[in-house]
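Structure, as structure tokens:
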Protein chains: 2
Amino acid sequence: MKALFQLEKFLPYRFDRLAKHISVSLAGVYRRRFNVTVPQWRILALLHETPHMSAKDIARQGNLDKVMVSRALVGLEERGLLERYISAEDARVNELCLTSTGTRLFESIAPLALDWEADFLKVLTPQERGALERILSKLEQHAKSEAPALTVIESAIS
Amino acid sequence: MKALFQLEKFLPYRFDRLAKHISVSLAGVYRRRFNVTVPQWRILALLHETPHMSAKDIARQGNLDKVMVSRALVGLEERGLLERYISAEDARVNELCLTSTGTRLFESIAPLALDWEADFLKVLTPQERGALERILSKLEQHAKSEAPALTVIESAIS
DNA sequence: GCATACTAGTTTCATATGAAACTATCTAGC
DNA sequence: GCTAGATAGTTTCATATGAAACTAGTATGC
């Protein structure tokens, strides 16, 4: 009648531990070989996919703090990996765009990132990979939908 | 022939985002209601399960930095939630033990934590929950086994 | 038994983080 | 067209983090 609770089996703990492991391990690849931080890597990926995004959009789509985006952009700009233009419609907005150097850098990193991912998932069967995909999607959906409500509770209580 | 890489579908990104969401949301429960941090919560859980652990064992089993453990212990001790004894075999080692107050506090939090977990998983079918369990175990196993190798590479390169 | 190398836990310090204030710009209502 | 309130992005500042140095104690080899 002991063992009501075991940290080792507690999902939030397991998720945190695994996510940290993944992040540290993969971030090492970007950093060692390309001297790129995680926020910078996300920015490269987002801008490669959708050029001319604003910093705000990057923050939202890359799950990053706007302060972190601001700082990461400075670093990328200094290295000539991206350029900013002031938006024609709204002078507050930065229109961001990878330079050809930035594009090439991203295209060097991306295959390594995908290799890393493939290697990480190689212990799973194809069925399990499909299941993981579906499960993550459901949990993400759930998380997204409850986020606003929790914010309200948060500000109401604390 | 675009879209070789989409951040939104990249597993490390998805894991990081989901884990952060979980952590922030759940940590709010401990903190608001009980003024307990995540490391403190892990320590309470581990000591409840296995009394008389050392700080080092807690760091390893709770996936925490030893500095963080040291600091979290001070907070718990000050609140009278745990006591330390100097180990009889080795005077460097702290033998840690929850007080009855600490035990009661843990036993107040645990059901809420489990409720939170159940609520979080309620969008999954029983089959999916089983699959998630199995998948996580495999990935954890894989992560654990490659960790030492990566450390070697790390120190060799950087 | 004493010098050397090691380990548990703490402290220090330099860096990372993000909340809040700030600047520049925009929008809405008058 | 001007004022009040909002928003994009930056800067400041106070806190969180963890690597490395430190302290106290242990183990080993001679």
Side-chain angles (χ1 to χ4, degrees), chain A residues 16-17 19-21 23-25 27-28 30-31 35-43 46-47 52-78 82-97 151 154-155 158, chain B residues 16-17 19-21 23-25 27-28 30-31 35-43 46-47 52-78 82-97 151 154-155 158:
Chain A
D16 182 80
R17 189 176 52 177
K20 244 165 216 153
H21 170 86
S23 178
V24 167
S25 173
Y30 315 147
R31 184 180 46 71
N35 196 31
V36 164
T37 65
V38 171
Q40 287 177 338
W41 154 248
R42 288 191 189 166
I43 292 172
L46 288 170
L47 285 179
H52 310 293
M53 289 179 89
S54 70
K56 185 195 177 187
D57 290 342
I58 285 178
R60 191 165 35 74
Q61 291 198 47
N63 202 42
L64 294 166
D65 190 272
K66 67 175 180 168
V67 177
M68 209 112 86
V69 172
S70 176
R71 296 200 257 243
L73 288 174
V74 171
L76 293 172
E77 203 179 10
E78 279 172 352
L82 70 78
E83 284 169 342
R84 333 190 181 209
Y85 307 94
I86 293 173
S87 163
E89 297 101 55
D90 186 337
R92 291 169 303 181
V93 174
N94 283 349
E95 226 173 73
L96 303 161
C97 214
T151 308
E154 183 95 15
S155 58
S158 68
Chain B
D16 182 79
R17 189 175 52 176
K20 245 166 216 154
H21 171 86
S23 178
V24 167
S25 173
Y30 316 145
R31 184 179 45 69
N35 197 31
V36 164
T37 65
V38 171
Q40 287 177 338
W41 155 248
R42 288 191 190 166
I43 292 172
L46 288 170
L47 285 179
H52 309 293
M53 290 180 88
S54 70
K56 185 196 179 187
D57 290 342
I58 285 178
R60 192 166 34 73
Q61 292 197 46
N63 201 43
L64 293 166
D65 189 271
K66 67 176 180 168
V67 178
M68 209 112 84
V69 172
S70 176
R71 295 200 257 244
L73 288 173
V74 171
L76 292 172
E77 203 178 11
E78 278 173 353
L82 70 79
E83 284 168 342
R84 336 188 179 209
Y85 307 94
I86 292 173
S87 163
E89 297 100 57
D90 185 339
R92 292 169 301 181
V93 174
N94 283 349
E95 226 174 73
L96 303 161
C97 214
T151 307
E154 183 94 18
S155 57
S158 69

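For clarity, every value in this text was computed on a predicted model and none was experimentally measured. Convention: sequence-line order gives letters A, B, ...; per-chain numbering from 1.
- Chain A approaches DNA chain D over the interval D/dA6 to D/dT12, counting the first and last nucleotide 5' to 3' with an atom under 4.0 Å from its heavy atoms.
- Interatomic distance, B/Arg17 CZ to A/Leu64 CG, rounded to the nearest 0.5 Å: 11.0 Å.
- As judged by a 4.0 angstrom heavy-atom cut-off over every strand, A/Val67 is placed among the base-contacting residues.
- Residue B/Ser54 is the one, among B/Ser54 and A/Asp65, whose nearest nucleotide of DNA chain C lies closer to the 5' end (criterion: closest heavy atom).
- Between the CD atom of A/Glu89 and the CD atom of A/Glu95 there is a distance of 7.0 Å, given to the nearest 0.5 Å.
- Nearest heavy atom pair, residue B/Arg84 against residue B/Val74, reads NH2-N, 3.7 Å.
- For the atom pair CG (A/Asp16) and NZ (B/Lys20), the distance works out to 10.0 Å, reported to the nearest 0.5 Å.
- Following rounding to the nearest Å, B/Met53 (CE) and C/dG9 (P) show an atom-to-atom distance of 11 Å.
- Between B/Met68 and B/Thr37, the closest side-chain pair of non-hydrogen atoms is not below 4.5 Å.
- Summary of the strand contacts: A/Arg92 and A/Arg84 both lie near DNA chain D, and taking for each the nucleotide with the nearest heavy atom, the more 5' one is attributed to A/Arg92.
- Heavy-atom nearest nucleotides on DNA chain C were determined for A/Glu89 and for B/Asp57, and the one closer to the 5' end corresponds to B/Asp57.
- Between A/Gln40 and A/Asn35, the closest heavy-atom pair is OE1-O, 4.0 Å.
- Legend: side chain to side chain donor-acceptor pair (under 3.5 Å) pairs involving residues 60-69 of chain B, not counting sequence neighbours, sorted by first then second residue: B/Asp57-B/Arg60.
- Under the 4.5 Å side-chain criterion, counting only non-hydrogen atoms from C-beta, B/Ile58 is in contact with B/Leu47.
- Side chains of B/Leu96 and B/Ile43 form no contact here, defined as non-hydrogen atoms less than 4.5 Å apart.
- As rounded to whole Å, 16 Å separates atom C1' of C/dA8 from atom CG of B/Leu64.
- In the helix from C/dG1-D/dC30 to C/dC30-D/dG1, the rotation axis of the first five pairs and that of the last five pairs differ in direction by 10°, rounded to 10 degrees.
- Here the C1' atom of nucleotide C/dT25 and the CD1 atom of A/Ile86 are 11 Å apart, to the nearest Å.
- In this structure, A/Lys66 reaches the bases: a heavy-atom distance under 4.0 Å links it to at least one base atom across the strands shown.
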